[in-house]
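What you see below is based on every heavy atom in this structure, not just the backbone, and it leaves out hydrogens, waters and symmetry mates.
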Amino acid sequence: MAFLGTAVRRVASCRPTISPLRRSATTSRRYSSSSEPTTEKSVPYENVLKVEGGSGPTKPLPKSAEAVVIGGGSLGCQTVYHLAKMGMTNVVLLERDRLTAGTTWHTAGLLWQLRPSDVEVELLAHTRQVISHDLEQETGLETGWIQNGGLFIASNKQRLDEYKRLMSLGKVYGIESHVLSPAETKDLYPLMNVDDLYGTLYVPKDGTMDPAGTCTTLSRAATARGATVIENCPVTGIQVSTDDMGVKRVKAVETFHGTIQTPVVVNCAGVWATKLGEMAGVKVPLIAMHHAYVVTERIEGIQNMPNVRDHDASVYLRLQGDALSVGGYEQNPVFWDKVSDKFAFSLFDLDWDVFMQHIEGAINRVPALEQTGIKSTVCGPESFTADHKPLMGEAPEVRGFFLGCGFNSAGMMLGGGCGRELAHWIIHGRPEKDMYGYDIRRFHHSLTDNNKWIRERSHESYAKNYSVVFPFDEPLASRNMRTDPFHKILTEQGCVFQERHGWERPGWFNQDGAAPVLDYDWYGAYDISKNQNYKYNELLGKEYTFDYPPHHHVIKNECLTCRHGVSVFDMSYFGKFYLTGPDAKKAADWLFSADVNKIPGSTVYTCMLNKRGGSEADLTVSRLEAGTANLPLAPEANGDAYYLAIGGGVAEHNWNHIKTVLQDEAFNCQLTDYSEDMGMISIQGPKSREVLQEILDTDLSNEAFPFSTHKVCNAAGHKVRAMRLSFVGELGWELHIPKDSCLPVYQAVMAAGAKHSIINAGYRAIDSLSIEKGYRHWHADLRPDDTPLEAGLAFTCKMKSTIPFLGRASLEKQKAEGLRRRIVCFTIDEKVPMFGLEAIFRNGVPVGHLRRSDYGFFIDKQIGYGYIRNPDGGVVNADFIKSGKFALERMGVVYEAKPHLKSPFDPSNNRVKGIYPDNYHNVYKANAQ
């Protein structure tokens with residue numbers, strides 16, 4: 001018998017790969033594999049759904065269906081179950097082999113309840129409810145759920161701080177968890193080495209799922225409700241038709257055994273999802289990699305122990321009866337480039353040279369493993385994505401083609417929650433929860449078929465899967481994919497860039513010279529040399545803290561210069577769309593919650609909503625004059641025309657939302673994208689008017705150029721569209737500039753601002769300034785599951801008019817019934833950093849959590865925004881807020897918090913109107929000296 005410790009010593013002493021089961025040997029660290037599956041190995045489950053023999057479908061194919069789910073793994077089974085449960089009974093699941101045959105059958109099946117995301121905590125909670133309770137109640141069958149608990153290992157303070165953040169969030173959702181000392185951990189898990197531990201987080205109700213038992217029970221529950229599950233039926237094609245408006249829609253699913261007419265296809269094909277997408281002309285940006293674990297022989301004393309995640313050692317230990325499964329995530333995973341269609345219930349030979357790092361970590365954590373034999377190795381393919389998040393939702397290319405794939409080895413764990421959301425998406429057009437982080441539309445269309453981006457970013461996400469999730473981390477892979485005209489000059493001035501939607505946008509400005517982003521070095525894997533003296537990476541490393549970063553004072557200076565003087569923000573990554581055509585006014589009335597049909601020259605801040613009144617976007621809409629084209633500054637418009645400026649990180653989401661609404665309502669109008677044809681700089685602060693008056697050929701007085709208006713004018717001899725707007729709460733203007741004019745206009749602004757000590761500032765400053773003013777950030781404190789009424793944005797809704805708009809009926813109902821949740825601003829007196837997810841308590845009872853938090857340098861306080869609810873289910877009104885005693889919990893420590901019904905900074909909005917105290921500038925100059 002081979003032992004884990006022996007395997008470690010053998011691999012260390014003689015580089016050729018030696019498997020304890022002596023199956024085969026490979027000698028190099030492989031970047032990719034084109035191998036066919038090898039001889040099947042045993043996996044640690046009592047039941048596997050493989051059945052020998054039989055080449056035809058297990059049931060006759062129906063002629064038509066409301067939806068066809070393709071893929072019989074965890075997601076496919078969960079989706080068909082939830083579709084049937086929601087009333088869509090004429091639904092078919094097609095599996096090319098047997099249920100679970102692709103990747104689900106060999107998954108580890110771990111379920112951890114706590115994640116650094118409120119949405120994921122809710123998704124996991126639903127999976128747990130389905131697996132541990134609902135299915136057994138419905139079918140009388142056991143799914144194989146085992147509640148043995150989960151234990152997270154911390155070897156340093158930062159890791160334990162991360163776990164304490166999870167513990168605080170868990171209190172909001174009623175999830176029991178405990179931070180344990182090393183000694184307490186030893187009492188719980190006697191076989192564990194705790195000498196190098198800082199502490200642990202124990203979650204008693206975590207557990208383990210059985211894939212075969214779960215999928216069998218799901219399929220039976222679905223068929224009992226009228227769904228049809230057909231195995232041994234590979235899909236050979238997807239028929240797509242084009243309607244009268246030129247919109248592509250799913251028409252039918254083709255197999256060797258017949259065709260099913262259907263308007264909806266759900267791609268739950270896992271590793272094979274890319275090929276299935278190609279059948280319909282849909283891009284599915286995922287990649288297949290080898291992912292492995294080993295199963296040990298019996299270990300005395302291991303029975304009933306919790307599952308373990310030792311993130312710092314990049315290893316997990318899954319209880320397997322009286323043995324353990326040992327696996328993890330390495331920095332040099334093997335890619336499976338030539339995905340085989342014949343792969344079913346098969347595995348690869350394990351590359352021990354790649355896997356051995358996990359064995360070393362496991363033996364350190366549980367020393368008994370050194371003398372424990374290996375029962376089997378399990379190395380199978382899994383699908384991974386660019387940000388280690390699933391791919392879900394309706395594909396932008398084809399209506400009716402939905403994605404439910406790319407689950408990064410978490411398909412069992414997330415399956416129940418995601419299956420329910422996907423079913424709701426299909427039936428009602430949108431999910432119930434905020435699923436933007438999983439929505440395929442989170443990626444710009446220029447990236448989703450870029451193999452370099454998919455490969456590099458997926459590798460980095462895999463390699464960093466067990467890394468501490470810090471608030472301001474940035475990827476290193478596939479950077480500089482989209483850059484604006486200011487990129488080079490700002491890099492030279494010390495700009496530390498952030499990546500959003502492929503764009504490089506300014507984060508903050510380093511005072512010690514340039515810190516350019518370099519080509520990806522794969523973290524030194526695959527014999528690729530690591531970047532040396534990488535300044536950007538060094539600065540990023542200083543962000544790896546749950547304290548204020550070392551450059552906190554730099555961001556403070558950017559903020560206060562904007563508050564007291566003038567700063568320039570490069571916001572070129574913004575989406576810039578034109579809405580034109582015969583039905584443009586009808587479309588604008590329906591799309592936008594605010595009344596944007598003011599006089600030409602007006603600009604309106606508005607939301608776009610879904611049917612339930614949730615906020616799909618916030619943006620500015622500018623009404624344009626009719627006239628001939630002057631692109632990119634003005635489109636040709638014989639009638640109504642609108643210019644839409646949208647946060648660049650969500651531009652693809654916004655684009656597709658608008659296009660979908662236009663199609664659904666059959667509006668005869670055009671949406672055109674000029675995002676890459678114009679740059680955009682925002683000049684903000686009390687001195688902004690003095691600076692811009694020198695270079696713009698138009699009167700900038702309040703009377704001539706009031707707030708929320710725009711006009712085309714000359715800036716240093718170049719045509720620009722100037723808009724008087726602010727995302728920071730100060731007097732200021734945006735300049736939307738044709739890309740060839742960007743640099744000369746920027747240089748003229750900086751020259752005119754030199755005597756006013758103008759500086760560049762980045763989005764870290766915008767984050768602070770905007771939260772200080774109380775402005776919302778979409779997908780932080782404003783999401784698709786938040787209505788404008790709940791978010792304090794009722795002023796963006798034309799409720800006093802009779803104009804119908806998408807979501808209006810839901811808002812009217814909510815207004816009449818009263819708000820059950822609403823956003824509240826909180827400040828604390830202590831100078832401790834918060835980032836969101838901190839628990840909110842009212843009179844000692846958890847009522848919500850912070851969505852967003854940052855330091856407000858002008859008011860000199862930590863600020864947080866979060867949605868609170870009434871524990872009794874009643875209305876949350878001003879009296880409920882005023883009468884409560886609030887506190888915020890950060891990493892287990894509670895801080896008294898003051899609630900604010902209005903922003904504590906400039907609640908009268910004087911500053912955006914250009915109204916400052918008479919002696920304001922003199923006071924600022926004196927303080928500066």
Side-chain angles (χ1 to χ4, degrees), residues 11 15 17 26-35 271 274 285-292 311-315 327-339 348 350-358 360-361 379 381-389 406 408-409 443 446-470 473-483 496-500 502 504 515-544:
V11 172
R15 296 312 299 167
T17 302
T26 55
T27 59
S28 63
R29 294 190 174 189
R30 292 175 294 169
Y31 175 76
S32 63
S33 165
S34 59
S35 61
V271 165
T274 299
L286 58 77
I287 200 159
M289 299 184 199
H290 292 203
H291 191 57
H311 290 99
D312 295 313
S314 193
V315 66
Y329 291 83
E330 56 280 349
Q331 290 197 342
N332 57 335
V334 178
F335 291 78
W336 190 28
D337 287 326
K338 296 183 179 179
V339 177
F348 304 110
L350 179 63
D351 187 333
W352 280 93
D353 200 32
V354 172
F355 189 79
M356 192 49 59
Q357 56 195 287
H358 305 311
E360 294 167 353
C379 181
E382 292 281 1
S383 57
F384 294 91
T385 64
D387 56 2
H388 217 74
K389 302 292 183 186
N408 305 278
S409 292
F443 297 133
S446 67
L447 302 176
T448 50
D449 62 351
N450 185 312
N451 188 61
K452 175 179 181 290
W453 175 81
I454 298 169
R455 200 174 186 87
E456 288 188 1
R457 194 62 69 84
S458 298
H459 169 266
E460 182 178 33
S461 295
Y462 182 101
K464 292 181 67 175
N465 183 44
Y466 277 2
S467 298
V468 177
V469 180
F470 290 108
D473 198 9
E474 293 290 331
L476 297 175
S478 284
R479 294 292 295 270
N480 300 316
M481 301 294 287
R482 303 173 76 194
T483 58
V496 180
F497 285 95
Q498 301 172 332
E499 187 275 342
R500 298 294 183 273
E504 299 293 318
V517 180
L518 304 181
D519 289 342
Y520 187 46
D521 64 5
W522 299 83
Y523 291 88
Y526 315 116
D527 298 322
I528 296 171
S529 298
K530 295 188 70 173
N531 290 319
Q532 301 298 313
N533 303 315
Y534 192 178
K535 191 170 184 179
Y536 179 86
N537 196 19
E538 292 171 4
L539 292 172
L540 200 60
K542 293 178 180 179
E543 296 270 20
Y544 291 169

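The pair Asp519-Lys452 does not count as a salt bridge, with every side-chain nitrogen at least 4.0 angstrom from each carboxylate oxygen. A salt bridge links Arg500 with Glu474: the distance from a Lys NZ or Arg NE/NH1/NH2 to an Asp or Glu carboxylate oxygen falls below 4.0 Å.
The aromatic rings of Tyr544 and Phe470 sit parallel to each other, their planes meeting at less than 30°, with 60° as the upper class boundary.
Nearest heavy atom pair, residue Pro333 against residue Gln331, reads CD-C, 3.3 Å. Considering every non-hydrogen atom in both His358 and Val315, the closest pair reads O-CG2, 3.6 Å. Of all heavy-atom pairs between Val339 and Ala288, the closest is CG2-CB, 4.1 Å. Counting all heavy atoms, side chain and backbone alike, Leu447 lies closest to Trp453 at O-CE3, 3.1 Å. Closest approach of Phe497 and Arg479 over heavy atoms only: O-NH2, 3.3 Å. Annotation for Thr448 and Ile454: closest pair O-CD1, 3.5 Å, computed over non-hydrogen atoms.
Of the possible donor and acceptor atoms, none in the side chain of Ser314 sits under 3.5 Å from a partner among the backbone N and O of Gly328. Looking only at distances, no side-chain donor or acceptor of Asn465 sits under 3.5 Å from a matching main-chain atom of His388. Formation of a donor-acceptor pair under 3.5 Å by the Asn408 side chain with backbone atoms of Gly406 is found in this model.
Taken from CZ in Arg455 to OG in Ser478, the straight-line distance is 11.5 Å, to the nearest 0.5 Å. A distance of 13.0 Å separates CG of Asn531 from OH of Tyr536, quoted to the nearest 0.5 Å. Between the CG atom in Asp351 and the CD atom in Glu330 there is a gap of 9.0 Å [rounded to 0.5 Å]. Annotation: the span from Tyr523 atom OH to Lys464 atom NZ amounts to 4.0 Å, rounded to 0.5 Å. Note that NZ of Lys530 is 13.0 Å distant from CG of Leu518, once rounded to the nearest 0.5 Å. For the atom pair CD of Gln532 and CG of Asp521, the computed distance is 9.0 Å after rounding to the nearest 0.5 Å.
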Residues His291, Tyr329; criterion ring-ring contact (aromatic ring centres under 6.0 Å, His included); working and verdict: CA-CA 8 Å; His291 191 57; Tyr329 291 83; 4.6 Å; yes
Derivation and outcome, side-chain contact (heavy atoms from CB on, under 4.5 Å), residues Asp387 and Phe443: CA-CA 10 Å; Asp387 56 2; Phe443 297 133; 3.6 Å; yes
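With a 4.5 Å cut-off on side-chain heavy atoms, Arg482 and Glu504 do not count as touching. Contact annotation: the side chain of Leu476 approaches that of Tyr534 to within less than 4.5 Å [non-hydrogen atoms, C-beta and beyond]. Within the 4.5 Å cutoff, the side chain of Arg457 has no heavy atoms near those of the Met481 side chain.
Between the side chains of Tyr526 and Asn332, no donor-acceptor pair of N or O atoms lies under 3.5 Å.
Among Phe335, Tyr462, Trp336, the single residue meeting the ring-ring contact (aromatic ring centres under 6.0 Å, His included) criterion with Phe384 is Tyr462.
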